Amino acid sequence: MRFDTVIKNGTIVTATDTYASDIGISDGRISAIGQGLPVENAGKVIDAAELQVMPGGIDVHTHLDMPFGGTTTLIDFAIQYKGQTLRQAFDGWMAKAEGKAATDYAFHCIITDLGDAQLEEMGQLVREGVSSFKLFMAYPGVFMLDDATIFRAMSQAAKYGGLICMHAENGGAIDVIVRRALAEGKRAPKYHALTRPTTAEAEATSRAIALAEMAGAPVYIVHLSCNEALEKVREARDRGLPAYAETCPQYLFLSIENFDVPGFEGAKYVFTPPLREKWHQEKLWQGLAKDTLQVVSTDHCPFCYKEQKELGKDDFTKIPNGGPGIEHRMSLVYSGGVHGKRFSANRFVQLVSTAPAKLFGLYPRKGTIAVGSDADLVLFDPNEEQVISAKTHHMRVDYSMFEGIRIKGVAKTVLSRGRVVIEGGKFVGRPGAGEFVRRQTYAGV
Ligand code: URP
Ligand code: ZN
Ligand code: ZN
């Protein structure tokens, strides 16, 4: 038996099991799992003593293509602008990724304009591996769709095996609250958060679930930020509905208090939904432990503080919404979840890799460690500590929203389809080596 690579002496951690074993890799896939695999003829031997070997992280909510920190697959968003076909959106984003992505990637399609032609295209896109669609209940005049359009999209998704990802906030009500705030001269970054109440998120979450129930479709709520919305998902799941939700590290580690910083610095925390009161954090952690929430993604959407966030210096509505997070998702969730004694390392793998793979049609090619699966692997040191800082991070953005937070648990070596892309914490991959992954249809978890 000859392997391209053998990973020796590690402890394999999957969503279900923890055990000591070697892993043999051939042609980018896992070809053997067992103790004492032969290394004599192996092209490369990696010693994983003291390390946990996990399936590569899957971040299903990013707004660009720069992977790091143990994540080996991204699902980014191809945006259909008004007047465009869905195909134009897909082709546009495929062209953007061409030659740049260092690890594998896929796309959801953001639908902003749904005529009869685009409705038909949904089936074609699903067949081509774009098997999920993001819809917005917020941002009137830009992304927001009305209930009838959402219902039509959900019905079509149900027909073709697509999954609707929903940005659930009541955009109409928020718009009125925002205009009132501006009229009262409230222009600082914190008013972005204060004009987007938790009730607006809970109402839209509830409406999205009701529309999906009527359409006979599954629904996946993106970037859930607060307990009120969590309760809506819990009620739906208790009734047996296929309702799913993700949260993001910013809602687990940051709160509205982050706006108490000098000058315009609060702009670093302007994203949507906004930061909430601190007590929501523990509710979200509990939601992750109890499977009310199935996934942690990042909603990585990096805008530099200089020149980009600064566009909103005199008016919070002009601050670009979004923050960077892709690099630290796995370390943050491991720190707060596993070291915080809220859930096991297996549940951690489920949340950051296996459930995303199953929900979004990547499993079992990705999201697990099994013979035949892609050799997307993370060699993770559960005890290494680091302090997050923009001075040391690898994302091309001039601040970190997690600046100063201590993490315990760090990806040391990362393989993408058998190729080492991170070694000793350094990027050694190659832009262009990542491939588009055609995803299967939604099959439930
Ligand atoms: O503020 C955010 N989240 N920006 C990214 C777009 C979105 O709604 O996911
Ligand atoms: Zn969104
Ligand atoms: Zn997003």
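Remember, it's a predicted structure, so these values are computed and weren't measured experimentally. Remember, it's 1-based here, ligands and their atoms both numbered in the order they're listed. Excluded from the calculations below are hydrogen atoms, water molecules and symmetry mates; all remaining heavy atoms, backbone and side chain alike, are included. This chain uses plain numbering: 1 for the first residue, then up along the sequence.
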Practice task
Show which atoms of ligand 1 fall inside a sub-4.0 Å distance from at least one heavy-atom site of Phe136.
Solution key: 8 (O)
Fill in the blank from the handout: Among non-hydrogen protein atoms, atom 7 (C) of ligand 1 lies closest to Lys134 NZ, 3.3 Å
Fill in the blank from the handout: Ranked by distance from atom 3 (N) of ligand 1, the top protein heavy atom is Asp299 OD2, 2.5 Å
Fill in the blank from the handout: Residue, atom and distance of the protein heavy atom nearest atom 1 (O) of ligand 1 read Thr272 N, 2.8 Å
Practice task
Verify the distance test for His61 against the Zn ion (ligand 3): any N/O/S atom under 2.8 Å, yes or no.
Solution key: yes
Exercise for the section: Taking the side chain as every heavy atom from C-beta outward, state whether Val270 and Asn321 have any atom pair closer than 4.5 Å. Expected result: yes
Completion exercise
If you scan protein heavy atoms around atom 4 (N) of ligand 1, the nearest is Asn321 O, 3.3 Å
Handout entry: Beyond-backbone contact of Asp104 with Asp374, side-chain heavy atoms, under 4.5 angstrom
Key = yes
Handout entry: Any N, O or S atom of Cys301 closer than 2.8 Å to the Zn ion (ligand 3)
Key = no
Handout entry: Residue from Val296, Val333, Thr354 passing side-chain contact (heavy atoms from CB on, under 4.5 Å) with Phe348
Key = Val333
Exercise for the section: Could you tell me whether ligand 1 has any atom less than 4.0 Å away from a heavy atom of Phe77? Expected result: no
Handout entry: Protein contact to atom 6 (C) of ligand 1 [nearest heavy atom, distance to 0.1 Å]
Key = His63 NE2, 3.7 Å
Exercise for the section: Could you tell me whether any N, O or S atom belonging to Lys134 is less than 2.8 Å from the Zn ion (ligand 2)? Expected result: yes
Problem - Residues Glu310 and Lys306 bridged, charged N to O under 4.0 Å - result: yes
Fill in the blank from the handout: If you scan protein heavy atoms around atom 8 (O) of ligand 1, the nearest is His167 ND1, 3.1 Å
Problem - NZ (Lys408) with more than 12 external heavy atoms under 6.0 Å - result: yes
Handout entry: Centroid separation Phe436 to Phe90 less than 6.0 Å
Key = yes
Fill in the blank from the handout: Among N, O or S atoms, Asp299 approaches the Zn ion (ligand 3) most closely through OD1
Handout entry: Donor-acceptor contact below 3.5 Å, side chain Gln118 vs main chain Gln84
Key = yes
